[in-house]
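Every heavy atom of this structure was used, including side-chain atoms; hydrogens, water molecules and symmetry mates were not. The sequence lines fix the lettering, A, B, ..., with proteins before strands; numbering per chain opens at 1.
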Number of protein chains: 2
Amino acid sequence: MAATIRDVARVAGVGLGTVSRVINNSPLVSQATRQRVLDVIAELRYNPSQIARSFSLGKTLTVATIAPFFTRPSVVERLRGIEAALASGGYALVVFNVETRARRDNCLRDVPRSQRADGLLIISLAPQPDEVLALQETRLPVVLIDAYADSLPGVTIDDVAGGALATEYLIALGHRRIGFIGDLIADEMSFNFTSSRHRLEGYQQALVAAGIPPRDEYQRHGLHGRYEARVLARDLLELPEPPTALFAASDTQAMGVLEAARDLNLAVPDQLSVIGFDDIDVAEYLGLTTIRQLLFESGERGVELLLKRIANPATKLEREYLPIELIARGTTRRIAR
Amino acid sequence: MAATIRDVARVAGVGLGTVSRVINNSPLVSQATRQRVLDVIAELRYNPSQIARSFSLGKTLTVATIAPFFTRPSVVERLRGIEAALASGGYALVVFNVETRARRDNCLRDVPRSQRADGLLIISLAPQPDEVLALQETRLPVVLIDAYADSLPGVTIDDVAGGALATEYLIALGHRRIGFIGDLIADEMSFNFTSSRHRLEGYQQALVAAGIPPRDEYQRHGLHGRYEARVLARDLLELPEPPTALFAASDTQAMGVLEAARDLNLAVPDQLSVIGFDDIDVAEYLGLTTIRQLLFESGERGVELLLKRIANPATKLEREYLPIELIARGTTRRIAR
DNA sequence: TGCTATACTGGAACCAGTTCCAATTATAGA
DNA sequence: TCTATAATTGGAACTGGTTCCAGTATAGCA
């Protein structure tokens, strides 16, 4: 139906190779011939088939990304960085959104094997050791973003340090009773999210370092979401001896905490300090104190690492840590001991 | 390097066709042969090349989506609907993010021509007549979401009715001085966004119908964004005779309006009513009165229409209108005349 | 036993590009 | 004019699947 390169060659009265050379701007074509071919291409409205080209070249000029819950603002921002970096490199982006354990497993298994893409970015999901092996076997270049796995390159932050940073800040403000709201442990297990767990570790380390024994009843875990965090926080704040400050493992969850405070008529920051994590777009609007990480840049850097590996698969394993920063806004406040 | 179907055939001692039949679960293979082939596939760790398969079949099992500013919550939610519907149909999703006029034009021109995908979804961008012609010439099935163009199928809402609905509600609450904050006209022009313009039309119609002459100074346009809307709203609210209610063409812009009110110490809803559009996720958190549209579903329905057209390109032009609904929350309030 | 219908199987041809080698033509230099 | 070299050009072979036709084996039946 659509014109092929052979049609063009026939009509222009030249050989296949010549048309191919014209399409690819090879210098090995005379000006006159090039013009003739270009005219015929226009006349026949010929468009080279990307598929045939990929097939012949053995490269797809496409990168696949597996992302959990890609509506989360933090994930979206990373994706935006990825897309921007890929577009400027001439690559297209295929997105797989993962919202269940089964789909996570399927994607991690099938996407690399399908050979749809020249490389794979995995956001916030840490492959298990056996999955890492399977990945390596496919020889597909892979880079993790916001996740860590032995012997896979990645771009992350130091989540333990981030958790500690947030907690130390609250301690410095005079808080001693500090609660933590994070992702469901079971959920972390099934998806193998690691950031919430690491932030919890940092939280505990900071407490211990300040001589404050961590209390189990101050640590709550639920499905990642505003509503779930709201319920957890409400519960936490109704303890006989409630925390005076809450550290939420993400800004989305911090929003749930703020709702809980509203539910209970607790003034923030006067009666309750709240700190989040990520510094997503609305955090500024809400005046939320949080730990900023460079989401857009994480996508960009991930692409950079990946393209380097695509160009040269033997590149040594690189792992990049992006900086974090405390952004003090209006939801935290000093209290008297 | 990687094993091909011919390797499998050779090692298993069968023909090419037989291996292909096994891969595709054709019933025309004896149980014994099938097992032998499966064993060899496992042994050689053979994975069929998706590219070769696409090439041979003439279909990519991929759908491309062009979306402007895909970080906007409304766009993300539509994308989520698209991805979900595509995944369940076995299709992959390629995403192109458009943030400049030049990229919009390039994407609209090149993506359909590259024959990377079996179909194309365009979100919130209305192709111009000449672009429609070019699209049709490629014979690629296309469906618009949140956009309208002559002779292209699409899924939209009635934005004029939505604008009227919001405005009528404010009027019913007793407001007479009602302002409008929408996207930059020049921007609409260059991207050819239409929804903000249509909502403005509905706003004007509702005013006229209620015997209220629309005032030019009450209608402001800026780049789509919270900050820009904040500046516009502040300006509007500092008029000698400021509006008592503001209709923002999107929830994101409504958030900017709320910030402006905060800047000027205007209590919402007591001194200023605010209504948004879209009912994005945070709207509920903010208690924002808004017009809800079914974002996720718009993606799903768009995919459904598209897959129908891919299966049968002769499908007659379908255009679907999704319902809208006023969600009254806490940022609007009745005032005495 | 022979014949026919049925169940499998093999592999050539095909999809639309790229690449590379051989052939041809043009150009420069002697 | 002839030769060496450079500049172009043509097209076969190749990429890895699918499809379809022809061929073989097996079973059922008279």
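- Look at CD on A:Gln31: it is 11 Å from P on D:dT9, rounded to the nearest Å.
- Among the atoms of the strands shown, none is found under 4.0 Å from any heavy atom of B:Gly58.
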Practice task
Could you walk me through whether B:Asn24 and B:Arg53 pass the side-chain contact (heavy atoms from CB on, under 4.5 Å) test, one step at a time?
Solution key: CA-CA 11 Å; B:Asn24 294 290; B:Arg53 173 173 252 210; 2.5 Å; yes
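- Proximity note for B:Ala52 (side chain, C-beta onward) versus D:dG17, C:dC8, C:dT19: the nearest is D:dG17.
- Considering only side-chain atoms of B:Ile5, the nucleotide from D:dT9, C:dC8, D:dT18 that sits closest is D:dT18.
- Distance CZ (B:Arg116) to P (C:dG17): 15 Å, rounded to an integer number of Å.
- Both B:Gln115 and B:Val14 lie close to DNA chain C; mapped to their nearest nucleotides by heavy-atom distance, the more 5′-ward contact belongs to B:Val14.
- Dashed line: the shortest gap from a side-chain N or O of B:Arg21 to OP1 or OP2 of C:dT9 is not under 4.0 Å.
- Ion pairing between B:Arg72 and B:Glu99 fails under the 4.0 Å rule for side-chain N and carboxylate O.
- At D:dT18, one or more side-chain N or O atoms of B:Ser20 fall inside 4.0 Å of OP1 or OP2 (strictly under the cut-off).
- Taking the six-membered ring for Trp, B:Phe69 and B:Phe191 have ring centres closer than 6.0 Å.
- In terms of polar N and O atoms assigned as donor or acceptor, the side chain of B:Ser56 comes within less than 3.5 Å of the base of D:dG17 in a complementary pairing.
- A salt bridge does not link A:Arg36 to A:Asp39: none of the charged nitrogens lies less than 4.0 Å from a carboxylate oxygen.
- The side chain of A:Ser30 has D:dT9 as its nearest neighbour among C:dG11, C:dG17, D:dT9.
- B:Leu28 comes within 4.0 angstrom of a nucleotide base, judged by non-hydrogen atoms across all strands.
- Each of A:Tyr46 and B:Arg34 was assigned the nucleotide of DNA chain C with the nearest heavy atom; the assignment lying further toward the 5' end belongs to B:Arg34.
- At a threshold of 4.0 Å, the pair A:Arg80-A:Glu77 counts as salt-bridged, since one of the basic side-chain nitrogens sits closer than that to a carboxylate oxygen.
- For B:Ile41 and D:dG16, the CD1 to P distance is 16 Å, given to the nearest whole Å.
- The interatomic distance linking A:Asn47 (CG) with C:dA16 (C1') rounds to 13 Å, in whole Å.
- Residue-level contact check: A:Ser54 touches neither bases nor backbone, having no heavy atom under 4.0 Å from any strand.
- C:dC15 atom C1' lies 13 Å from atom CG of A:Asp7, rounded to whole Å.
- Applying the 4.0 Å criterion to OP1 and OP2 of D:dG17, one finds that B:Arg6 has every side-chain N and O outside that range.
- Phosphate contact (OP1/OP2 of D:dG17, side-chain N/O of B:Ser49, threshold under 4.0 Å): absent.
- For the pair A:Leu57 CG and C:dC20 P, the computed distance is 11 Å after rounding to whole Å.
- Between B:Glu131 and the choices B:Arg113, B:Arg109, B:Arg104, the salt bridge (Lys or Arg N to Asp or Glu O under 4.0 Å) rule is met once, by B:Arg104.
- B:Asn24 places its CG atom 11 Å from the C1' atom of D:dT19, with the value rounded to the nearest Å.
- Counting to the nearest Å, the C1' atom of C:dT19 and the NZ atom of A:Lys59 are 14 Å from each other.
- B:Phe55 does not qualify as a stacking partner of the D:dT15 base, lacking a centre-to-centre distance under 5.5 Å together with planes within 30°.
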